[in-house]
2 protein chains.
Amino acid sequence: MTTKERILESAYNCFSRKGYFGTTTREIAHTAGVSEVTLFRLFKSKKELFREVLINFSIIPDIRAISVPEGSGELALLGIGRKIYLSLREKKEFLKILLSEVTGLTEEIEEVYSHFVRTLEELLSNVFSSALSLSPDESRMKVKIFGAAVFGFFISEEIFQGRELSQREIDEFISTLSRSISGGKP
Amino acid sequence: MTTKERILESAYNCFSRKGYFGTTTREIAHTAGVSEVTLFRLFKSKKELFREVLINFSIIPDIRAISVPEGSGELALLGIGRKIYLSLREKKEFLKILLSEVTGLTEEIEEVYSHFVRTLEELLSNVFSSALSLSPDESRMKVKIFGAAVFGFFISEEIFQGRELSQREIDEFISTLSRSISGGKP
DNA sequence: TTCTGATGTAAGTAATTACTTACTTACGAG
DNA sequence: CTCGTAAGTAAGTAATTACTTACATCAGAA
């Protein structure tokens, strides 16, 4: 692992624990086992370092990598909902960074986030139109509901309340959700 | 309005625009039209001031004030979902504080947030069990789905993407959600 | 009038912060 | 061996920050 990568990784950790303003460059350098001077030789400012963290640890590749599972509409939803939840969890720290700076660094974040939303809605649209055979309008709305529910559930449980849900709890939520959304359609 | 209230209000505004760490006590005092010395005479530290802001501008009273509307299950859900969404929007700035500081000031925030969740789930439970006549388990799960969906939708649209949805867009989302959740039950 | 309480001004302190400069060390390639 | 590159150390700068001290002002109650 190069020095730059080590710095990026500890910046990622520090930012996600303490937010952008709560983290000092000294702290990042120290936890990377590197001098502060080296940090500023490799990144021209703290803000640039933050931008590079956003780019390098984005959740978008994870979302994009989700494949549409086989099976009935309801089962497809269950499978995909599970994967979305687990992707979110894997990048939990990254999400915390996004959240922590949602008020202070809006330009950078809005870009990253709306990209995330578009990617997710694209993915879900495929499932809904193919697996559930809905009208485009209905489909569009249900995609939003499904995405918002999984996302809101994750943020509420794992980020706000600091829990780490078991697979059973996740499945219970997502399967009930899938059933409601698919409306009993096979 | 007392001096203390003026300070609390501008602290609320500053924190919600720039987060806790991004806001200086000087700035708060200045926008309150008060000297910094006065601020520290009335609040013993910045952190204590933050706590008082959390308490004074909490969203909980708004949620508690929501009454269960008359009508069928689906209509009751629509009415209550609308009100929740609008309460969230009214306190949008407060929510931004919570979000932006959830990583750095966890102790203070977890308390406020879990109280919020409990209040909301209590309120919804009443609607679900009375208006929809579900089993307790089903009811519990659907409460979670409904709450998470409205919450996730709000955060995604209004906070992350900075939009201000029209009543029509809100209604479209919430009525589709209510229909899915109530599963066609009258 | 006098006293009190709330507020202001001026000035400052000690700590922290992002970021820099100048110089040194270690090491692998040629 | 030499030389360039990546890294470190030491020190410091200019700005900012939370928070304090000492003293002045002023309006209203007694």
Side-chain angles (χ1 to χ4, degrees), chain A residues 1-57 96-98 100-109, chain B residues 1-57 96-98 100-109:
Chain A
M1 196 156 53
T2 68
T3 303
K4 193 164 183 175
E5 286 167 343
R6 280 217 314 284
I7 294 174
L8 275 172
E9 198 169 288
S10 56
Y12 171 73
N13 289 327
C14 292
F15 284 144
S16 59
R17 282 205 320 275
K18 305 181 157 196
Y20 178 81
F21 294 107
T23 299
T24 69
T25 51
R26 179 174 309 175
E27 195 183 352
I28 295 169
H30 191 256
T31 61
V34 145
S35 79
E36 214 182 339
V37 180
T38 299
L39 186 152
F40 279 105
R41 270 198 276 250
L42 294 173
F43 303 91
K44 81 174 212 281
S45 69
K46 187 187 180 185
K47 201 154 183 172
E48 196 205 86
L49 171 56
F50 180 74
R51 283 189 66 91
E52 291 214 32
V53 167
L54 284 191
I55 293 166
N56 278 269
F57 292 85
K96 282 188 182 175
I97 296 179
L98 284 187
S100 78
E101 301 316 327
V102 78
T103 59
L105 294 156
T106 38
E107 332 83 43
E108 280 91 344
I109 286 174
Chain B
M1 197 156 50
T2 70
T3 303
K4 193 165 184 173
E5 286 167 343
R6 280 217 314 282
I7 294 174
L8 275 173
E9 199 169 288
S10 55
Y12 171 73
N13 289 326
C14 292
F15 285 145
S16 57
R17 281 205 320 274
K18 305 182 156 195
Y20 178 81
F21 294 108
T23 298
T24 70
T25 51
R26 179 175 308 174
E27 196 183 350
I28 294 169
H30 191 256
T31 60
V34 147
S35 79
E36 214 182 337
V37 181
T38 299
L39 186 153
F40 279 104
R41 270 197 276 252
L42 295 173
F43 304 91
K44 82 173 210 280
S45 69
K46 187 188 180 184
K47 202 155 182 171
E48 196 204 87
L49 171 56
F50 180 74
R51 282 189 64 93
E52 291 214 31
V53 167
L54 283 190
I55 293 165
N56 279 270
F57 292 85
K96 282 189 180 176
I97 300 178
L98 287 186
S100 74
E101 305 309 332
V102 77
T103 59
L105 293 155
T106 38
E107 333 83 46
E108 280 90 347
I109 287 174

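Here is the naming used below: chain letters follow the sequence lines, and residue numbers restart at 1 for every chain. Side chains included, hydrogens not; waters and symmetry mates left out as well; all remaining heavy atoms used.
Contacts of B/T23 with the nucleic acid, taken as non-hydrogen atoms under 4.0 Å apart, involve only primed sugar atoms and P, OP1 or OP2.
Listed by chain and number, the residues in a side chain to side chain donor-acceptor pair (under 3.5 Å) with B/S45 amount to none (sequence neighbours excluded). Legend: residues meeting salt bridge (Lys or Arg N to Asp or Glu O under 4.0 Å) with B/E36, ordered by chain and number and at least two apart, are B/R26. Residues satisfying the side chain to side chain donor-acceptor pair (under 3.5 Å) test with A/S10, not counting sequence neighbours, are none. Scored by the salt bridge (Lys or Arg N to Asp or Glu O under 4.0 Å) test, B/R6 finds no partners at all (sequence neighbours excluded). Looking at residues two or more places apart in sequence or on another chain, you find no ring pair (Phe, Tyr, Trp, His ring centres under 6.0 Å) involving B/F43. Under the ring pair (Phe, Tyr, Trp, His ring centres under 6.0 Å) criterion, A/F57 pairs with A/Y12, sequence neighbours left out. Shown here are the salt bridge (Lys or Arg N to Asp or Glu O under 4.0 Å) partners of A/E27, two or more places apart in sequence or in another chain: A/K18. The side chain to side chain donor-acceptor pair (under 3.5 Å) search around A/T24 returns none, not counting sequence neighbours.
Defining each end axis of the helix from C/dT1-D/dA30 to C/dG30-D/dC1 as the rotation carrying four pairs' C1' atoms onto the next four, with five pairs an end, the two axes are found to diverge by 0° to 10 degrees.
A/C14 SG to A/H30 NE2: the interatomic distance, rounded to the nearest 0.5 Å, is 11.0 Å. Distance CG/A/L8 to OG1/A/T2: 8.0 Å, rounded to 0.5 Å. A/F40 CZ to A/K46 NZ: the interatomic distance, rounded to the nearest 0.5 Å, is 9.0 Å.
Residues B/I28 and B/N13 form no side-chain contact, since every pair of their non-hydrogen atoms from C-beta on lies 4.5 Å or further apart.
Along DNA chain D, the stretch of nucleotides lying under 4.0 Å from any heavy atom of chain A spans, 5' to 3', D/dA7 to D/dA10.
For the segment residues 26-41 of chain A, the set of residues with a heavy atom within less than 4.0 Å of an atom of DNA chain C comprises A/R26, A/E36, A/V37, A/F40, in numerical order.
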Any N/O pairs under 3.5 Å between the protein and nucleotides 26-28 of chain C? List them or say none.
none

